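See below for the structure under consideration.
In this text the structure is predicted, and so the values were computed from the model without any measurement. All chains are named by letter (A, B, ...) in the order of the sequence lines, taking the proteins before the strands, and each is independently numbered beginning at 1.
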There are 2 protein chains.
Amino acid sequence: MSDFKVIMEGGTVEQCPRRYVLALTDTLNVINGKWKLPIIASLLRGVVRFKDLLERTEKITPRMLSKELKELEMNGIVERKVFSQTPVLIEYRLTRSGRHLTSVIDSMIDWGVLHRSHVVTDEQPGSDKI
Amino acid sequence: MSDFKVIMEGGTVEQCPRRYVLALTDTLNVINGKWKLPIIASLLRGVVRFKDLLERTEKITPRMLSKELKELEMNGIVERKVFSQTPVLIEYRLTRSGRHLTSVIDSMIDWGVLHRSHVVTDEQPGSDKI
DNA sequence: AATAGTAGTATACTTTTGTATACTGAATCC
DNA sequence: GGATTCAGTATACAAAAGTATACTACTATT
């Protein structure tokens, strides 16, 4: 659909529209850092609370979790819902955009799996052929 | 194909196989940082030399370019070929794995475009854009 | 009044990433 | 023998990302 590949076919830079470049950097900014994808992966399993995320995102500190969740919220990836119970209950869930990240994650997994197989089959020590 | 979504459908963590997690973090590690994707995008246009990359990757310093190219080479994304001419000629090109990154890039662009449209249509004033 | 549960914040630090600017080395050309 | 070209490296610094550890605010229960 986006057909980034146009730039391969011997064209000028302008063949890759600016809005695609923006879209790409948007996506990178959303998922970058050490914790974004692990958190998103946890949220894909459903609605969760802060404490749950703390426990099941290995070794993340509350400070980082808080920071990352804020960024994800600002970027429209997660929603934060407050329930005025006692003790207070706060739920985090993915937005529609957040759920759509599965397609990006899937393609990253596909590439990673493929790449690992290439590395194993192609790259014997010393000889580096394509 | 990789079907990361299995973890949505009410399962345990184990439903997302460890190798998928590894594949995902591989991919993240390969593309993370400020310069990896711009460099890969340049390389998608064909074989290039260090100096070309310096000129057309906006404002990158030789130090960073050198560092990033080394990492990409170590990760099996680019190949470096030395021609013993004078002045010496060194060519950088994508490996097969490197070229396959187009599918990841495309899905990131697709998500970014979609997300921008969601942000415009969904989100009330106050919510922040990327 | 002390305890416990939820959802974080505060402070100080280390590590990683990125920037700025100048420089090296090899070889040929003039 | 100095200028030029290519492909980087060296040094010093600044900024961003991440870690460690302790603490706060609210409130309901004991």
Side-chain angles (χ1 to χ4, degrees), chain A residues 24-43 45-75 77-94 128, chain B residues 24-43 46-75 77-94 128 130:
Chain A
L24 181 57
T25 55
D26 280 0
T27 308
L28 255 186
N29 286 336
V30 161
I31 67 178
N32 80 355
K34 186 174 178 179
W35 297 112
K36 296 278 164 56
L37 279 183
I39 291 170
I40 289 167
S42 276
L43 288 165
R45 290 156 60 198
V47 176
V48 277
R49 289 176 294 170
F50 193 88
K51 214 196 171 198
D52 299 331
L53 283 171
L54 256 189
E55 277 160 13
R56 62 200 212 194
T57 310
E58 271 185 58
K59 296 189 178 176
I60 196 171
T61 59
R63 182 190 197 274
M64 287 308 291
L65 181 56
S66 171
K67 184 176 152 280
E68 301 290 80
L69 284 171
K70 270 176 193 158
E71 288 178 30
L72 289 170
E73 198 189 350
M74 282 200 310
N75 288 334
I77 311 304
V78 313
E79 258 185 308
R80 181 176 182 273
K81 273 191 183 167
V82 183
F83 299 87
S84 305
Q85 312 172 351
T86 51
V88 65
L89 171 61
I90 292 172
E91 283 184 354
Y92 291 95
R93 71 186 68 213
L94 291 176
D128 209 22
Chain B
L24 182 57
T25 55
D26 280 0
T27 309
L28 253 186
N29 287 337
V30 161
I31 67 178
N32 81 353
K34 186 174 177 179
W35 298 112
K36 295 277 165 53
L37 279 184
I39 290 170
I40 289 166
S42 276
L43 288 166
V47 176
V48 277
R49 289 177 295 173
F50 193 86
K51 214 196 171 198
D52 299 331
L53 283 171
L54 256 189
E55 277 160 14
R56 62 199 212 197
T57 310
E58 270 186 59
K59 295 190 178 173
I60 196 172
T61 60
R63 181 188 197 276
M64 286 309 289
L65 182 54
S66 171
K67 183 174 152 282
E68 300 290 81
L69 284 171
K70 270 175 193 156
E71 287 179 31
L72 289 169
E73 199 190 349
M74 282 199 312
N75 287 334
I77 311 305
V78 313
E79 251 188 314
R80 181 177 181 273
K81 273 192 184 167
V82 182
F83 298 86
S84 304
Q85 314 172 349
T86 52
V88 64
L89 171 63
I90 291 171
E91 283 184 354
Y92 291 95
R93 74 185 66 215
L94 292 176
D128 225 344
I130 305 175

**Item:** Side-chain-base donor-acceptor pair under 3.5 Å for R63(B) and dT11(D)
**Value:** yes
[N] [atom2] sits how many Å from [X] [atom1], rounded?
X      : N       : atom1 : atom2 : result
N32(A) : dG18(D) : CG    : C1'   : 13 Å
W35(B) : dT16(C) : CH2   : C1'   : 17 Å
E68(A) : dA7(C)  : CD    : P     : 18 Å
L69(A) : dA7(C)  : CG    : P     : 11 Å
L89(A) : dT27(D) : CG    : C1'   : 15 Å
K36(B) : dT17(C) : NZ    : P     : 8 Å
L65(B) : dC6(D)  : CG    : C1'   : 13 Å
F50(A) : dT24(D) : CZ    : C1'   : 14 Å

Here the gap from D52(A) atom CG to Y92(A) atom OH, rounded to the nearest 0.5 Å, amounts to 11.5 Å
- Which part of the nucleic acid does K59(A) contact within heavy-atom distance under 4.0 Å: base, sugar-phosphate only, or nothing? nothing
What is the nucleic acid contact for F83(B), judged by heavy atoms within less than 4.0 Å: base, sugar-phosphate only, or nothing? nothing
Under 4.0 Å: is that the gap between some side-chain N or O of [X] and OP1 or OP2 of [N]?
X      : N      : answer
Y92(B) : dC6(D) : no
K67(B) : dG8(D) : no
S66(B) : dT9(D) : yes
K51(A) : dA7(C) : no

Per [X] side chain, nearest of listed nucleotides [options]:
X      : options                  : value
R49(A) : dA28(D), dA7(C), dT19(C) : dA7(C)
R80(A) : dA7(D), dT21(D), dA7(C)  : dA7(C)
T86(A) : dG8(C), dT28(C), dT27(D) : dT27(D)
V88(A) : dT6(C), dG8(D), dG18(C)  : dT6(C)
K34(B) : dA28(D), dT19(C), dA7(D) : dT19(C)
M64(B) : dG8(D), dG18(C), dA7(D)  : dG18(C)

Do side-chain atoms of N29(B) reach the backbone of T25(B) as a donor and acceptor pair under 3.5 angstrom?
yes
I'd like to know if the side chain of R56(A) reaches the main chain of S42(A), judged simply by a donor and an acceptor atom lying under 3.5 Å from each other, with no hydrogens or angles considered. yes
Closest non-hydrogen atoms of L28(B) and L37(A), given as atom of the first, atom of the second and distance, are CD1-CD1, 3.5 Å
How far apart are the C-alpha atoms of E71(A) and K36(A), what are their side-chain angles, what is the distance that settles it, and do they pass the side chain to side chain contact (heavy atoms under 4.5 Å, CB included) test?
-> CA-CA 9 Å; E71(A) 288 178 30; K36(A) 296 278 164 56; 2.8 Å; yes
Test side chain to side chain contact (heavy atoms under 4.5 Å, CB included), reference R49(B), set I90(B), L54(B), L89(B), output is L89(B)
Bend of the helix from dA1(C)-dT30(D) to dC30(C)-dG1(D) from end-axis comparison, five pairs per end, nearest 10°, comes to 30°
| message | Using a strict threshold of under 4.0 Å (side-chain N to carboxylate O), is an ion pair present between E79(A) and K81(A)? | response | no
Could K34(B) and E68(B) be called an ion pair, given the rule that one side-chain N must be under 4.0 Å from one carboxylate O?
no
